[in-house]
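Structure record follows, encoded as structure tokens.
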Number of protein chains: 4
Amino acid sequence: MHSVKPIGKREQTKLNNRESILNAAREVFAELGYGATTVRDIIRKTGLASGTFYNYYKSKEEVFEALMDDGMRRIRPRLKADRIRSRNFEEFIRNAFRTYFDYLASDRMTFQIIRRNPASLRVRMDTPEMIAGFEEIREYIEEDIRDGNVPPVDSEYLMAAVVGIAMEIGDRMIKRPELNATEAADFATTLVLHGFHALPIKTDAQQK
Amino acid sequence: MHSVKPIGKREQTKLNNRESILNAAREVFAELGYGATTVRDIIRKTGLASGTFYNYYKSKEEVFEALMDDGMRRIRPRLKADRIRSRNFEEFIRNAFRTYFDYLASDRMTFQIIRRNPASLRVRMDTPEMIAGFEEIREYIEEDIRDGNVPPVDSEYLMAAVVGIAMEIGDRMIKRPELNATEAADFATTLVLHGFHALPIKTDAQQK
Amino acid sequence: MHSVKPIGKREQTKLNNRESILNAAREVFAELGYGATTVRDIIRKTGLASGTFYNYYKSKEEVFEALMDDGMRRIRPRLKADRIRSRNFEEFIRNAFRTYFDYLASDRMTFQIIRRNPASLRVRMDTPEMIAGFEEIREYIEEDIRDGNVPPVDSEYLMAAVVGIAMEIGDRMIKRPELNATEAADFATTLVLHGFHALPIKTDAQQK
Amino acid sequence: MHSVKPIGKREQTKLNNRESILNAAREVFAELGYGATTVRDIIRKTGLASGTFYNYYKSKEEVFEALMDDGMRRIRPRLKADRIRSRNFEEFIRNAFRTYFDYLASDRMTFQIIRRNPASLRVRMDTPEMIAGFEEIREYIEEDIRDGNVPPVDSEYLMAAVVGIAMEIGDRMIKRPELNATEAADFATTLVLHGFHALPIKTDAQQK
DNA sequence: CATGAATGAGCATTCATTCAT
DNA sequence: AATGAATGAATGCTCATTCAT
């Protein structure tokens, strides 16, 4: 077996540069917050020449979008897998929350962009990839409605609720001293499936 | 009968200026998005001299914070009233969602700040007032736990879920052609109280 | 008698700054040529802060235009005076050329912008003021046509010819070791009035 | 029979590239104006790689010069022919103007470089070729002075006047709705030969 | 307390040019 | 000879902020 697609030195450099910029951006965003970050900050951390940056992205917005899309792109296949291996809506919701909180815990750094900011300004970008991800969830819901597994509810609102819960709980989760994705997923799942009075009881160990 | 609290001409001017700045800011933020707005833009719309601005606020962050706090300050008393007149947790949740979605519908403009942005960048600022508002909700929950009205669940996560649901559903609501705060409140309430299978059935009239 | 319009310190500064910028620009343009000059070069020579420049002009084009207009504005009244005191077209042409070449000789510097450039790039800006000046000449011609002093010729072309002659001869004049505006004016006038065979004979003294 | 000067494939490519660059430059200059045009713009329109450009010219100045020279080089032989076939100075002047205005009408595009510019900045480059062309005219004049056909006038000024008339009238000509090189040539010729009162009368057809 | 011009640090961006491939 | 990504100096310009009036 041999390398199917040999990569020239030029191609390699380009790949590396793109990667460098993304990494630098991730760090700077996490450090300074999105609003305070300037293109120059990213370039500085990159070590590349300023002109080079513009061969890859043309604004910090574009880098940020790439970063967000990157995250979403990693999640969506898992979400699709969740969907396939779940036997019913309950299971899908459970798996999806689990997937999301696990991912969050592992890539904590990217998502801390949100924090740090002096005035704690939170930023979220609805990139095409993210919107597509949300829509996918919505479609799953509609499929289940069609199949009679879910009552004919407002699928957009249900999706929104799921997303909102994931975001806010996820946000609190990564601020806690020790990350417990399972706990967060259980909480979110139960709430969506059965409402607050079915929520897991908090044992002493979980109190701070 | 006389004016209980006579206001000097100077005081009045100060009040007016503060108000002008806030209004100008609200409009500019809604128009340009938070990120793209500069202090200059706000000043320009104000008609005041640039130096004057700094007698009131010292950055766009501060104005934005004031704007957000303003909203929160208007909501919190209502939330407290909701709390008082509610006989149980269920009622409180219902009233709180209702209050929030009604407010959102009435002050749609301020909240559209979030939108508009070319790259659809969403900005949210966790001002002290907002955090306090969230904490208040959390305390209500804990009170109810202590009183045995609510099982001893993770109050922070429950609060986060409620907030997340309110935000995301609220967000979708104001994007819909006709605003229906009742519908949104019913949806959110039922989800939190009994889970998704109890959600209101979508009638034909609601489908597009 | 007293100063009718006392000028505050602020006004004075503004006047001075405008003047400084214009002077700096004139020098830099003369030194580097129009094309090679950058706004920063002008600012540098000015000594003012960079932002200050933009309070007065918003590009080098605008400064250049101001400079050109400035020259034209100084000439036009004299041209009008020439017109008034001339008893016929011949006299007007003679006086006008004379006025122009005199001005050129006195303000040689501004017009040397044109020169110096490595590739000897010549630049001319048709500012509104200049166009107006040309049109004025044209109108004088048309007036004379109406009055029967000049045959009904193509006034635009005649104006163009006069302008072209003035420019090119003027250009050669300021490059000569010693400026002789009278000689240039005589030459141009005779050519326009009677054609080349009536041109003044060049004496030995004038040959180089 | 065989090709007298066989051209290798390499030579052909080089010729093509040179041609491409010149054509691209002509278009870009006409579109953007000289000042606003960058080497990049030219390269982009060319389709060649940026490095390739530098194998042929080393700046936009050089390309512009080549472009101007190109025009001059096409005119000069015709001017020389005019000279030869003219029996006297009058005829030469007439033919020369005619040649120039015809050329202008046919290559209108190149000369519109001058126009277009937002601030109506007019650019003229005195390339060696152009200077040589002007000098040639001057030499013809001096020859005629030596031969006694023309009185001993200031040949530089006369040449300058002819050039100035050609330029300014030419400029107006190409701005007119329908190009009439004959009319322009007649006008210019008569002015130089006999002065303004001999100028062709403008018939009604020519008035707008 | 209002005013608004001056300030200059700092930013985004472009661009001519080089040079390894 | 052609290519096109990398380079980094340099530019135009904005902006928050100050402070004399």
Side-chain angles (χ1 to χ4, degrees), chain A residues 8-18 36-44 46-61, chain B residues 8-11 13-14 17 36-44 46-62, chain C residues 8-18 36-44 46-61, chain D residues 8-14 16-17 36-44 46-62:
Chain A
K9 201 176 260 176
R10 291 281 259 271
E11 261 71 34
Q12 191 51 53
T13 309
K14 280 177 32 174
L15 250 38
N16 289 343
N17 285 346
R18 195 160 230 113
T37 298
T38 69
V39 172
R40 268 169 123 87
D41 291 323
I42 300 173
I43 292 171
R44 211 129 45 203
T46 283
L48 296 170
S50 44
T52 305
F53 175 90
Y54 291 93
N55 289 339
Y56 295 88
Y57 298 99
K58 56 181 197 293
S59 63
K60 76 165 173 176
E61 281 75 19
Chain B
K9 212 174 242 170
R10 286 284 253 275
E11 261 74 32
T13 308
K14 276 167 61 170
N17 284 348
T37 297
T38 68
V39 173
R40 270 166 119 85
D41 293 323
I42 300 173
I43 291 171
R44 203 170 306 135
T46 285
L48 297 171
S50 41
T52 305
F53 175 89
Y54 290 91
N55 291 335
Y56 296 90
Y57 298 98
K58 61 180 199 288
S59 65
K60 77 165 171 174
E61 282 73 22
E62 228 178 86
Chain C
K9 201 175 260 177
R10 293 278 261 270
E11 260 71 34
Q12 192 50 51
T13 308
K14 278 172 41 170
L15 250 39
N16 289 345
N17 285 347
R18 194 161 231 112
T37 297
T38 68
V39 173
R40 268 167 122 90
D41 290 325
I42 300 173
I43 292 171
R44 210 129 46 204
T46 285
L48 296 169
S50 45
T52 305
F53 174 91
Y54 291 94
N55 290 338
Y56 295 89
Y57 299 99
K58 59 180 194 292
S59 62
K60 77 165 172 175
E61 282 74 20
Chain D
K9 210 175 245 171
R10 285 283 256 274
E11 262 73 33
Q12 191 50 52
T13 307
K14 276 167 62 168
N16 287 344
N17 285 347
T37 297
T38 69
V39 173
R40 270 166 118 83
D41 292 323
I42 301 173
I43 292 171
R44 203 170 305 135
T46 285
L48 296 171
S50 41
T52 306
F53 175 90
Y54 290 92
N55 291 336
Y56 296 90
Y57 299 98
K58 62 179 199 288
S59 64
K60 79 163 172 176
E61 282 74 23
E62 229 179 85

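Side-chain atoms are counted along with the backbone in the values below, which use heavy atoms only and exclude waters and symmetry mates. So you know, we letter chains A, B, ... as the sequences are listed, proteins then strands, and number each from 1.
A straight line from CD1 of Ile43(A) to P of dT14(E) spans 12 Å, rounded to a whole angstrom. Here the P atom of nucleotide dA20(E) and the CD atom of Glu11(A) are 18 Å apart, to the nearest Å.
Pairs engaging residues 46-59 of chain D under the salt bridge (charged side-chain N to carboxylate O under 4.0 Å, His left out) rule: Lys58(D)-Glu62(D) [sequence neighbours left out].
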| remark: In B/S/- notation (B base, S sugar-phosphate only, - none; protein heavy atoms under 4.0 Å), nucleotides 6-12 of chain F written 5' to 3' is BBBB-BB
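At a threshold of 4.5 Å between non-hydrogen side-chain atoms, the residues Val39(D) and Tyr57(D) do not count as touching.
Among the duplex regions that DNA chain E forms, those built from at least three successive Watson-Crick or G-U pairs under 3.5 Å are E:2-21 with F:2-21, ordered by first number.
Closest of all the heavy-atom pairs between Phe53(D) and Ile42(D) is CE1-CG2, 4.2 Å.
Taken to the nearest 0.5 Å, the NZ atom of Lys14(D) stands 12.5 Å off from the CG atom of Asn16(D).
Applying the side chain to side chain contact (heavy atoms under 4.5 Å, CB included) test to Thr38(D) and every residue at least two apart in sequence or in another chain returns Arg40(D), Asp41(D). Qualifying side chain to side chain contact (heavy atoms under 4.5 Å, CB included) partners for Leu48(A), counting only residues two or more places apart in sequence or in other chains: Asn17(A), Ile21(A), Thr46(A), Thr52(A). Applying the side chain to side chain donor-acceptor pair (under 3.5 Å) rule to Ser59(D) yields the partners Glu61(D); only residues at least two apart in sequence or on another chain are considered.
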